[in-house]
Amino acid sequence: MQNEAQEVFLDRAVNAADLGAAASGLSPLDLFLHASIVVQLVMVGLILCSAFVWAVIIEKIILMRRVNREATEFEDRFWSGGSLEDLYDSDGAKPLHPMAAVFGAAMGEWRRSARITGIDLARGGVRDRVDRAINITVTREMDRLSRRVVALATIGPVAPFVGLFGTVWGIMHAFGSIAAMHNTNLAVVAPGISEALFATAIGLVTAIPAYVAYNVTSSALDHFAERMDAFGTEFAAILSRQSEERS
């Protein structure tokens, strides 16, 4: 009986030592280095996707702040009561931001129509061309502002499944190692399972910011598109009124 108790005590001591050694080797770097090559590739791919996501997030934050600030400054000049011709020459002819591009497209179309001999600026054809110029410019500018946002919408839902693939592959690899060693000790099982689950963790860390950033950025872009549409509608009304005054 005493010998059995000593054996049990020694087994527990060995297991405790093994678990302590295993726990000390569960740092993220160790989990990556000891994972199978397939799981390592999955991890590297997810880490690169995460870096891309954060680069897009930072770029869109800076971009949206800049275009909103430039739009506010331009609208202040537009509504200040100055000459539209002078504003076109300074901002609209070579626009440097989306709001100036909308103004330049509408004003440029109206000026080209005004140079046609004998044309009635108040007729529907001129108004239709101005409206089309505004709509096309808004669409083009929004396409430019929305660049790489679709990638966020793709990475967000896909990244967890890629991480899950790495997890499944890692668990299969771990069970294969267990079968080869004929040992089901927790100290043997834990590292392989931890390496596999680490891939899912990286997938979630990649997906959550991408999903949140996509929703926030899409909302900001929709708001700015509505702002440009509202400005274009107001400017088209001003041009229409000026056309009727000239006729």
Side-chain angles (χ1 to χ4, degrees), residues 27-29 31-33 35-75 95-105 132-172 193-233:
S27 68
L29 181 59
L31 291 175
F32 173 79
L33 293 177
S36 65
I37 185 63
V38 174
V39 180
Q40 286 182 343
L41 291 175
V42 169
M43 291 179 182
V44 169
L46 290 173
I47 291 171
L48 292 176
C49 287
S50 181
F52 172 79
V53 166
W54 282 105
V56 173
I57 290 173
I58 294 172
E59 187 260 339
K60 292 305 175 186
I61 290 174
I62 296 174
L63 176 64
M64 295 310 300
R65 287 182 178 178
R66 177 174 59 82
V67 296
N68 276 291
R69 183 184 68 252
E70 291 171 341
T72 300
E73 294 172 353
F74 177 80
E75 287 180 319
L96 300 177
H97 55 87
M99 196 68 79
V102 173
F103 168 78
R132 281 198 298 272
I134 292 173
N135 293 333
I136 291 172
T137 304
V138 169
T139 301
R140 183 178 65 247
E141 293 299 321
M142 290 309 302
D143 287 342
R144 183 176 63 83
L145 294 176
S146 301
R147 198 173 300 158
R148 288 183 290 274
V149 173
V150 176
L152 297 180
T154 303
I155 293 173
V158 172
F161 292 101
V162 175
L164 182 60
F165 167 76
T167 296
V168 172
W169 188 277
I171 290 175
M172 292 170 57
I193 302 299
S194 300
E195 295 159 9
L197 293 175
F198 188 49
T200 296
I202 297 177
L204 293 175
V205 169
T206 302
I208 293 172
Y211 187 77
V212 173
Y214 172 75
N215 289 322
V216 173
T217 304
S218 296
S219 177
L221 290 171
D222 290 342
H223 178 74
F224 190 73
E226 292 173 359
R227 184 177 182 180
M228 287 198 295
D229 284 332
F231 172 78
T233 300

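In what follows, every heavy atom counts, from backbone to side chain, and hydrogens, waters and symmetry copies are set aside. On a predicted model such as this, the values are computed, not experimentally measured, just so you know.
Here the CD1 atom belonging to Ile47 is positioned 10.5 Å from the CD atom belonging to Gln40, to the nearest 0.5 angstrom. Atom CD1 in Ile57 sits 13.0 Å away from atom CZ in Arg148 (nearest 0.5 Å). Between Thr139 atom OG1 and Ile134 atom CD1 the span is 11.5 Å, to the nearest 0.5 Å. Residue Arg69 holds its CZ atom at 10.5 Å from NE2 of His97, rounded to the nearest 0.5 Å. Going from atom CG of Asp229 over to atom CG of Asp222 covers 10.5 Å, rounded to the nearest 0.5 Å. Separating the OG1 atom in Thr217 from the CD1 atom in Ile61 is a distance of 7.5 Å, to the nearest 0.5 Å.
The backbone N or O of Tyr214 sits nowhere less than 3.5 Å from a side-chain atom of Lys60 that would complete a donor-acceptor pair. With hydrogens and angles disregarded, a donor-acceptor distance shorter than 3.5 Å links the side chain of Thr206 to the backbone of Leu46.
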*Chi angles and distances behind the side-chain contact (heavy atoms from CB on, under 4.5 Å) call for Ser50, Ile202*: CA-CA 9 Å; Ser50 181; Ile202 297 177; over 6 Å; no

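At least one side-chain heavy atom of Pro98 sits less than 4.5 Å from a side-chain heavy atom of Leu145. Considering only heavy atoms from C-beta on, Met64 comes within 4.5 Å of Leu221 through its side chain. In this structure the side chain of Arg227 reaches within 4.5 angstrom of the side chain of Thr72, judged on heavy atoms. No side-chain heavy atom of Glu70 sits under 4.5 Å from any side-chain heavy atom of Met99. A heavy-atom distance below 4.5 Å is not found between the side chains of Glu141 and Phe224. Contact annotation: the side chain of Val39 never approaches that of Phe198 to less than 4.5 Å [non-hydrogen atoms, C-beta and beyond]. In this structure, the side chains of Arg144 and Arg140 stay at 4.5 Å or more apart for every pair of heavy atoms. Contact check for Arg65 versus Ile62: no side-chain heavy atoms found under the 4.5 Å cut-off.
Nearest heavy-atom pair across Ala159 and Ala207 is CB-CB, 3.9 Å. The heavy-atom pair separating Pro160 from Ile155 by the smallest distance is CD-O, 4.4 Å. Considering every non-hydrogen atom in both Phe52 and Ala151, the closest pair reads CE2-CB, 3.5 Å.
Between Phe103 and Phe231, the ring-plane angle classifies as tilted under the 30° and 60° cut-offs.
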